[in-house]
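Numbering of ligands and ligand atoms starts at 1, following listing order. In what follows, every heavy atom counts, from backbone to side chain, and hydrogens, waters and symmetry copies are set aside.
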Amino acid sequence: MKVAYVTTDHPAAEQDDEREIALTAWLGAGIEGSPVNWKDPHVDWSDFDAAVVRSPWDYILHRDEFVAWAHRVESATRLFNPARVIERNTDKTYLRTLGVPTVPTHWAEPGTDLPEWDEYVVKPAISAGARDTIRTADRTAAQSHAATLLAAGRTVMVQPYIPSVEQEGELSLLYFGGQFSHAVRRHPMLTGVAETADNRATLRDPDDDQFALAERVLAAVPETLLYARVDLVRMPDGEPVLIELELTEPYLFLREELAAPDLFAETLAEMLKG
Ligand SMILES: Nc1ncnc2c1ncn2[C@@H]1O[C@H](COP(=O)(O)OP(=O)(O)O)[C@@H](O)[C@H]1O
Ligand SMILES: [Mg+2]
């Protein structure tokens, strides 16, 4: 089996430090993976048995092109996750339709006031890695960032800052083929403290209520998924809520769990048979 490990030639992909781990595990499952730049016009995607979207992390700047790319690739070979999943999942407006508790979100409209909150997070609906996202206690500053994004034609989400990301932390639950693999506690991104080797993600056992919510989130997705990452935070009253469902190009924290690379590879091999 030949599978394209979809990445990019943009420097953003230098953050992908799990490529070799994945490719090695794939080999163990009989899959010959090769890194391929999603934007390379010379690639014939039908040369591959499948394409697995991994680190095309500059797509944020070209989202429409990326979604069109996904549909095109899917007409030539099998794409994981499927193109319609990618189309839905690259715009956080999907959070409105899942029917599960999410971080409270005000969808900004031009010329309207923001709610009164202690601290704001203002983010575009199409983003990754907290790009163009700000945290501020100043309502005017939040309003102004929202207005700038809206003026650029972007959909804007305004949320209260959830302090638990700095204590208990954000929890990411990783699934392969719908089967739970592992979970990690994430370093908070909007604190001004950079992630280092000392504070990077650590393995965590989810609590029962977190498992239950993650299962509800995944049950709301009709398609079969090779990989899924469910990102949860706790509200001040303790309720777990969804902050992001990553079905497009999640970092999978493969280094954190010894068994994860093989589960990823075996799930892929199984799906290629189907
Ligand atoms: N409402 C919020 N409260 C606290 N931290 C937040 C909030 N929204 C985002 N963050 C921080 O910013 C990071 C990125 O935001 P997220 O919504 O996951 O978008 P993306 O990962 O696509 O950029 C989160 O992992 C979290 O650390
Ligand atoms: Mg995120």
Side-chain angles (χ1 to χ4, degrees), residues 12 15-16 53-63 66 81 85-86 88-96 98 100-108 114-139 141-142 145-146 149 154-175 183-196 199-202 204 210 213-214 217 227-253:
Q15 305 287 319
D16 181 6
V53 177
R54 292 308 319 129
S55 45
W57 290 330
D58 55 338
Y59 84 85
I60 300 298
L61 311 165
H62 324 269
R63 189 255 178 173
F66 184 66
N81 283 324
V85 171
I86 289 176
R88 246 185 6 244
N89 188 250
T90 43
D91 182 330
K92 290 194 178 74
T93 50
Y94 70 77
L95 286 167
R96 306 174 86 150
L98 284 173
V100 302
T102 66
V103 173
T105 304
H106 171 87
W107 299 85
L114 295 182
E116 295 278 358
W117 286 330
D118 291 344
E119 215 176 350
Y120 300 86
V121 174
V122 182
K123 59 177 121 175
I126 299 173
S127 183
R131 197 189 158 86
D132 297 330
T133 298
I134 65 157
R135 167 189 176 187
T136 177
D138 179 347
R139 188 155 162 265
H145 186 60
L149 293 172
R154 304 178 74 177
T155 302
V156 181
M157 306 165 69
V158 186
Q159 301 178 332
Y161 183 75
I162 309 296
S164 69
V165 296
E166 295 176 46
Q167 291 104 39
E168 177 178 343
E170 176 177 348
L171 186 81
S172 288
L173 295 92
L174 281 304
Y175 290 79
V184 295
R185 176 199 189 275
R186 307 273 300 280
H187 177 70
M189 289 184 73
L190 305 178
T191 55
V193 179
E195 188 176 64
T196 64
N199 62 18
R200 65 176 268 142
T202 45
R204 271 304 147 93
Q210 293 169 317
L213 176 55
V217 169
Y227 49 81
R229 198 183 79 205
V230 184
D231 296 343
L232 306 180
V233 296
R234 271 192 205 283
M235 295 297 289
D237 68 359
E239 188 199 12
V241 296
L242 181 68
I243 179 165
E244 183 175 16
L245 171 61
E246 246 289 10
L247 304 179
T248 305
E249 32 62 46
Y251 187 82
L252 296 170
F253 299 97

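Using a 4.0 Å cut-off between a side-chain N of Lys or Arg and a carboxylate O of Asp or Glu, Glu166 and Arg135 qualify as a salt bridge.
No option in Glu119, Lys123, His106 other than Lys123 meets the side-chain hydrogen bond (donor to acceptor under 3.5 Å, both in side chains) test with Gln159. Of the residues listed (Pro240, Pro104, Pro101), the one engaging Met235 in a side chain to side chain contact (heavy atoms under 4.5 Å, CB included) is Pro104, and it is the only one.
Any N or O atom pair closer than 3.5 Å counts here, and Ile162 shares at least one such pair with ligand 1. By the 3.5 Å distance cut-off applied to N or O atoms, Glu244 is counted among the residues near ligand 1. By the 3.5 Å distance cut-off applied to N or O atoms, Val121 is not counted among the residues near ligand 1. At under 3.5 Å, a nitrogen or oxygen of Pro160, whether backbone or side chain, sits near a nitrogen or oxygen of ligand 1. Distances between N or O atoms of Gln159 and those of ligand 1 include at least one value under 3.5 Å. Considering backbone and side-chain N/O of His187, none are found under 3.5 Å from N/O of ligand 1.
Within the listing of ligand 1, atoms 20 (P), 22 (O), 23 (O) sit less than 4.0 angstrom from a heavy atom of Ala128. For ligand 1, the atoms lying closer than 4.0 Å to a non-hydrogen atom of Ser127 are 22 (O). Interface atoms of ligand 1 facing Gly129, defined by a heavy-atom separation under 4.0 Å, are 20 (P), 21 (O), 23 (O).
Residue Arg135 does not touch ligand 1, judged by heavy-atom distances below 4.0 Å. If you look at Pro163 next to ligand 1, there are no close heavy atoms at all, none under 4.0 Å.
Using a non-hydrogen distance threshold of 4.0 Å, Met157 does not register as a contact of ligand 1. Remark: distances from the non-hydrogen atoms of Ile243 to ligand 1 include one below 4.0 Å. At a 4.0 Å cut-off, at least one heavy atom of Leu190 sits close enough to ligand 1 to count as contact.
Counting only heavy atoms of the protein, atom 5 (N) of ligand 1 lies nearest to Tyr161 CE1, 3.6 Å. Scanning all protein heavy atoms for the shortest distance to atom 23 (O) of ligand 1 gives Ala130 N, 2.6 Å. Atom 19 (O) of ligand 1 has Lys92 NZ, 3.3 Å as its closest protein atom, hydrogens excluded (heavy atom only). The shortest contact between atom 9 (C) of ligand 1 and any protein heavy atom is with Lys123 NZ, 3.4 Å.
Not one N or O on the side chain of Tyr120 forms a donor-acceptor pair closer than 3.5 Å with the backbone of Leu114. When atom types are taken as modelled, the side chain of Arg229 and the backbone of Leu252 share no donor-acceptor pair closer than 3.5 angstrom. With hydrogens and angles disregarded, no donor-acceptor distance shorter than 3.5 Å links the side chain of Asp16 to the backbone of Ser55. A side-chain donor-acceptor contact under 3.5 Å links Ser127 to the backbone of Arg131. A donor-acceptor pair under 3.5 Å is formed between the side chain of Thr105 and the backbone N or O of Val103. Formation of a donor-acceptor pair under 3.5 Å by the Tyr227 side chain with backbone atoms of Thr248 is found in this model.
By the 6.0 Å contact criterion, CD on Glu195 is enclosed, its count of non-hydrogen atoms from other residues, nucleotides or ligands being greater than 12.
Listed by chain and residue number, Trp38, Tyr59, Trp69 satisfy the ring-ring contact (aromatic ring centres under 6.0 Å, His included) test with Phe66 (two or more places apart in sequence, or in another chain).
Considering only heavy atoms from C-beta on, Glu244 comes within 4.5 Å of Tyr94 through its side chain.
Across Ala194 and Asn199, no two heavy atoms sit closer than the pair O-ND2, 3.2 Å. When every heavy atom of Val217 is checked against every heavy atom of Val100, the shortest pair comes out as CG2-CG2, 3.9 Å.
Shown here are the protein N/O/S atoms lying under 2.8 Å from the Mg ion (ligand 2), water excluded: Glu244 OE1.
Judged by distance alone, the side chains of Thr136 and Asp138 never bring a donor and an acceptor atom under 3.5 Å apart.
By heavy-atom distance, the residue among Arg186, Met189, Glu246, Glu170 lying nearest atom 25 (O) of ligand 1 is Glu170.
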